[in-house]
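Here is the structure we will look at, set down as structure tokens.
In this text, all values refer to a predicted model and were calculated from it rather than measured experimentally. Note that these values count all heavy atoms, side chains included, but never hydrogens, waters or copies made by symmetry.
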Amino acid sequence: MAGHSHWANIAHKKSAIDNKRGKLWSKLSKALIVAAKEGGGDPATNLKLRYAINDAKAGNMPKDTIERSIKKGTGELEGGNLEQVLYEGYGPAGVAVLCEILTDNRNRTAPEVRKIFEVAGGKLGATGCVAWMFDRKSLVRVAKDKIGEDALMELAIEAGADDVRTEGELYEIIAEPESYATVCSALEAASITTEGSEITRIPKDTVDISGDDARRVLKMMTALDDHDDVQTVSANFNIPGDVMAELQL
């Protein structure tokens with residue numbers, strides 16, 4: 001879990017900067033399209049879409065842009081033909097990496113992602129090469145100033161969560177993917193705003209890295225996260241606290 005948390009927290013801080021640069025809009029739009037395509041365009045009956053809309057609003061996406069993305073997903077407008085792909089491979093120091101992709105052109109995306117791996121000294125692998133090292137879980141982040149840990153633990157467990165963990169300034173609620181909707185709904189009913197929620201991949205075990213390996217891995221993860229077609233990036237690295245402090249991350 002530590003490796004995922006390290007990158008999740010870096011990505012969380014990074015998203016605030018990306019938000020100011022407008023980098024998030026492409027990813028947010030794709031998330032809206034897929035949510036509407038899978039469950040329809042009514043957020044009242046499509047929880048995934050409702051949370052995608054919340055994320056889009058948090059990213060300062062204009063209302064008309066949000067509506068256009070939803071209509072692309074429902075087929076009312078063209079441009080909703082996105083393919084979901086999972087790319088997996090190895091980064092520096094043998095770190096296992098998974099990238100969840102949404103693309104309208106796999107022939108363009110695949111070589112671009114492969115190049116990011118290779119520039120970092122890694123290698124894009126075959127389907128299934130590292131996916132077995134990860135568990136698919138729901139992950140919901142809540143700021144510590146929103147609720148006490150004991151109260152959040154009670155609420156989350158009653159909603160079907162497996163655990164609540166502390167990571168920096170956030171609580172992380174871990175649950176099975178099937179419990180994602182009930183956990184999010186329970187938080188919403190309790191008027192607790194979240195700092196982000198997703199169904200992601202959490203490593204079963206981690207690889208300790210430091211020094212140049214840590215720098216190269218984080219540089220590769222950042223490059224992957226910056227790619228418009230990459231929705232989420234997961235990896236199984238762990239950076240000790242003193243090393244992370246030295247890297248000033």
Side-chain angles (χ1 to χ4, degrees), residues 4 8-74 76-77 79-80 82 84 100 102 136-147 151-152 155-156 158-161 164 167-201 225 228-234:
H4 176 86
N9 283 338
I10 293 168
H12 176 69
K13 294 175 183 177
K14 177 176 173 295
S15 68
I17 299 172
D18 289 348
N19 178 20
K20 294 176 183 177
R21 297 173 182 167
K23 280 187 175 183
L24 289 181
W25 285 13
S26 176
K27 295 176 188 271
L28 293 169
S29 177
K30 288 177 180 178
L32 289 164
I33 290 170
V34 170
K37 189 174 183 178
E38 292 179 352
D42 183 1
T45 58
N46 184 346
L47 183 67
K48 185 174 180 179
L49 178 60
R50 187 156 77 244
Y51 278 90
I53 291 172
N54 289 344
D55 289 342
K57 289 180 178 178
N60 296 318
M61 180 179 282
K63 182 179 179 181
D64 59 343
T65 305
I66 293 174
E67 291 175 351
R68 281 199 304 271
S69 297
I70 294 172
K71 288 180 178 179
K72 287 179 181 179
T74 58
E76 297 173 68
L77 294 176
L82 292 173
Q84 299 184 64
E100 298 199 24
L102 288 176
R136 197 162 181 263
K137 295 284 187 178
S138 299
L139 176 65
V140 183
R141 302 179 189 88
V142 177
K144 287 184 176 180
D145 61 1
K146 299 296 183 183
I147 186 174
L152 181 62
L155 186 154
E158 286 183 358
V164 175
E167 184 61 38
E169 300 174 355
L170 302 173
Y171 296 123
E172 294 184 336
I173 303 172
I174 312 298
E176 293 299 319
E178 296 77 15
S179 298
Y180 177 79
T182 54
V183 170
C184 290
S185 294
L187 291 169
E188 189 175 286
S191 299
I192 299 171
T193 57
T194 68
E195 297 297 313
S197 61
E198 59 186 320
I199 295 178
T200 187
R201 315 271 175 161
D225 189 60
D228 284 346
D229 294 340
V230 177
Q231 292 298 105
T232 63
V233 190
S234 302

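- Scored by the side chain to side chain contact (heavy atoms under 4.5 Å, CB included) test, K146 finds V142, A143, I192, T193 as partners (sequence neighbours excluded).
- When all heavy atoms are compared, the tightest approach of L47 to S185 is CD2-OG, 4.0 Å.
- With contacts defined as side-chain heavy-atom distances shorter than 4.5 Å, the pair L139/I173 does not qualify.
- Between L77 and R68, the closest heavy-atom pair is CD1-O, 3.9 Å.
- For the pair I53 and I70, the minimum side-chain heavy-atom distance is below 4.5 Å.
- Between the side chain of E169 and the backbone N or O of K144, no donor-acceptor pair lies under 3.5 Å.
- Nearest heavy-atom pair, L155 versus A186, reported as atom, atom and distance to 0.1 Å: CD2-CB, 3.8 Å.
- When atom types are taken as modelled, the side chain of S29 and the backbone of W25 share no donor-acceptor pair closer than 3.5 angstrom.
- Between I174 and V164, every side-chain heavy-atom pair lies at or beyond the 4.5 Å cut-off.
- With a 4.5 Å cut-off on side-chain heavy atoms, L152 and L187 count as touching.
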Practice prompt. Run the numbers on E100 and R201 for salt bridge (charged side-chain N to carboxylate O under 4.0 Å, His left out), then give the verdict.
Written response: CA-CA 9 Å; E100 298 199 24; R201 315 271 175 161; 3.2 Å; yes

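- The minimum heavy-atom distance linking Y51 with C184 is given by the pair OH-O, 2.7 Å.
- Rounding to the nearest 0.5 angstrom, the gap separating the CG atom in L102 from the CD atom in Q231 is 4.0 Å.
- The side-chain contact (heavy atoms from CB on, under 4.5 Å) test with L28 is passed by exactly one of I66, N60, D55: D55.
- You'll find the side chain of D229 reaches within 4.5 Å of the side chain of K30, heavy atoms only.
- Counting non-hydrogen atoms of neighbouring residues, nucleotides and ligands closer than 6.0 angstrom, the NZ atom of K57 reaches no more than 12 such neighbours.
- Taken to the nearest 0.5 Å, the OG1 atom of T194 stands 10.5 Å off from the CG atom of L170.
- Scanning for side chain to side chain donor-acceptor pair (under 3.5 Å) contacts around Y171 gives an empty result, with sequence neighbours left out.
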Distance-only donor-acceptor pairs under 3.5 Å for side chains of residues 34-41, two or more places apart:
{"residue": "E38", "atom": "OE1", "partner": "K48", "partner atom": "NZ", "Å": "2.8"}
{"residue": "E38", "atom": "OE2", "partner": "Q84", "partner atom": "NE2", "Å": "3.1"}

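- Closest of all the heavy-atom pairs between M61 and L32 is SD-CD1, 3.9 Å.
- Taking every heavy atom of both residues into account, T182 and A159 meet most closely at OG1-O, 2.9 Å.
- With rounding to the nearest 0.5 Å, the separation of OG in S197 from CD in E188 is 10.0 Å.
- Residues E172 and E195 form no side-chain contact, since every pair of their non-hydrogen atoms from C-beta on lies 4.5 Å or further apart.
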